[in-house]
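All remarks here apply to the structure that follows.
Nothing here was measured: the structure is a model prediction, and the numbers come from that model.
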Amino acid sequence: MKFSQNLMWAAVTADPIVQAALVPGPPFLRLDKYDSMVIVADLQEGLYNTVRDYDPTVFRNNIIAHASIAKLFSIPIVLTTSAQTGPNGPLPKEITTMFPNAPLIKRNGEVDAWDNSDFRAAVVAQNKSQIILAGITTDVCTEFLALSLRAEGYTVFANTEASGTFSQRLADDANRRMESSGVILQGLFAIVMDLMRDWRNTPGSLQLLPFLDQYLPVYGYVARAHEAAVLNGTLSPGELGL
């Protein structure tokens, strides 16, 4: 009986699908606010107009929220633009006025920001191993830089909500290529929750709820509804016990 069970196990584990299931997954890589930095890569006013995989109003909010992560958690940020005196345009003033003293590398030719020596120096100078990245376009400015950073040994978290491109198909292709190279794809809520770790931390509930109310109102209004219920809410008939 034991011999036949061993044969059965050998036959089952020979199946390629089973073999894939038995391979351990990648480790759970957590964001560490003490070892993280933010990069704004070409979130420029001209390039913003090329984005077709997000609603324009939503995307405008998303790119400002991406930059605001650095302010919220007091972590370093590096800004970079591509040919900003041409059609690509400058960064939104909401971002530049938020970080008047942050490095702003104005590239005049390099498509991949990592090919610019000043940009590389600015990133290396932060002495962080985890990078939270977003750019326009997803398939060039985010993808090329993310892959270059991975090749240099950085852990890269690509903010998929603040990267945009010409179509959903192109975004999907870029995200698939980045993910296959070890880039971690996450949205704003997951990024800030991982940096915070615990609502009792600082930044914690006191700082995060106003931030989310501004940039992720779908959660901000959860807090508003709870506030209203505590301050002036009453139970309607039939509500008790639901």
Measuring only between side-chain heavy atoms, which start at C-beta, is [X] closer than 4.5 Å to [Y]?
| X | Y | result |
| --- | --- | --- |
| Phe73 | Val38 | no |
| Asn62 | Leu188 | no |
| Val124 | Gln126 | no |
| Pro92 | Ile63 | yes |
| Ser167 | Asp53 | no |
| Ile64 | Tyr215 | yes |
| Ile131 | Phe157 | no |
| Gln207 | Phe211 | no |

Residue among Asp112, Asn116, Asp42, Asn88 satisfying side-chain hydrogen bond (donor to acceptor under 3.5 Å, both in side chains) with Arg107: Asp42
With sequence neighbours left out, write down each residue that passes side-chain contact (heavy atoms from CB on, under 4.5 Å) with Ser129, or none if nothing qualifies. Asp35
Residues passing the side-chain contact (heavy atoms from CB on, under 4.5 Å) test with Asp55, sequence neighbours excluded, are Thr57, Val58
With no hydrogens and no angle check, just 3.5 Å: does a side-chain donor-acceptor pair link Thr165 and Asp139? yes
Indicate whether the side chain of Thr142 and that of Ser163 have a donor and an acceptor atom separated by less than 3.5 Å. yes
Between the main-chain N or O of [Y] and the side-chain N or O of [X], is there a donor-acceptor pair closer than 3.5 Å?
| X | Y | value |
| --- | --- | --- |
| Gln130 | Asp32 | yes |
| Asn49 | Glu45 | yes |
| Gln186 | Asn159 | no |
| Thr137 | Gly164 | no |
| Arg169 | Phe166 | no |

ILVMFWY cluster, [X] and [Y] together (side-chain gap under 4.5 Å):
| X | Y | answer |
| --- | --- | --- |
| Leu133 | Phe189 | no |
| Leu47 | Leu79 | yes |
| Leu29 | Ile191 | yes |
| Val230 | Tyr219 | no |
| Leu31 | Trp199 | yes |

Would the number of heavy atoms belonging to other residues, nucleotides or ligands and lying under 6.0 Å from [atom1] of [X] be above 12?
| X | atom1 | result |
| --- | --- | --- |
| Leu235 | CG | yes |
| Lys33 | NZ | yes |
| Tyr221 | OH | no |

Test side chain to side chain contact (heavy atoms under 4.5 Å, CB included) on Ile132 and Ile39; report intermediate values, then the result. CA-CA 6 Å; Ile132 303 164; Ile39 291 179; over 6 Å; no
If you take all heavy atoms of [X] and [Y], which pair is closest and at what distance?
| X | Y | answer |
| --- | --- | --- |
| Met196 | Ser205 | SD-N, 4.5 Å |
| Ser82 | Gln44 | N-OE1, 2.8 Å |
| Leu145 | Cys141 | CB-O, 3.4 Å |
| Val78 | Ala122 | CG2-O, 3.9 Å |
| Ile75 | Ser36 | CB-O, 3.7 Å |
| Met193 | Leu208 | CE-CD1, 4.1 Å |

To the nearest 0.5 Å, tell me how far [X] [atom1] sits from [Y] [atom2].
| X | Y | atom1 | atom2 | value |
| --- | --- | --- | --- | --- |
| Ser148 | Tyr154 | OG | OH | 11.5 Å |
| Leu206 | Asn201 | CG | CG | 12.5 Å |
| Asp118 | Arg120 | CG | CZ | 9.0 Å |
| Glu110 | Thr80 | CD | OG1 | 8.5 Å |
| Thr96 | Leu91 | OG1 | CG | 6.5 Å |
| Leu104 | Thr81 | CG | OG1 | 5.5 Å |

Could you check whether the rings of Trp114 and Phe119 sit parallel, tilted or perpendicular, using 30° and 60° as the cut-offs? perpendicular
Give the C-alpha distance, both sets of side-chain angles, the deciding distance and a yes or no for side chain to side chain contact (heavy atoms under 4.5 Å, CB included) between Ile136 and Phe59. CA-CA 11 Å; Ile136 305 172; Phe59 190 66; 3.6 Å; yes
Walk me through whether Asn175 and Met178 qualify under side chain to side chain contact (heavy atoms under 4.5 Å, CB included). CA-CA 5 Å; Asn175 288 331; Met178 285 191 287; 3.3 Å; yes
Sequence neighbours excluded - salt bridge (Lys or Arg N to Asp or Glu O under 4.0 Å) pairs with any residue from [range]:
| range | answer |
| --- | --- |
| residues 82-100 | Arg60-Glu94 |
| residues 145-161 | none |
| residues 175-202 | Arg30-Asp194, Glu143-Arg177, Asp173-Arg176, Asp194-Arg197, Asp198-Arg200 |

Of all residues at least two apart in sequence or in a different chain, which pass the side-chain hydrogen bond (donor to acceptor under 3.5 Å, both in side chains) check with Asn127? none
Test log, rule side chain to side chain contact (heavy atoms under 4.5 Å, CB included), inputs Ile77 and Met37: CA-CA 6 Å; Ile77 187 170; Met37 62 174 291; over 6 Å; no
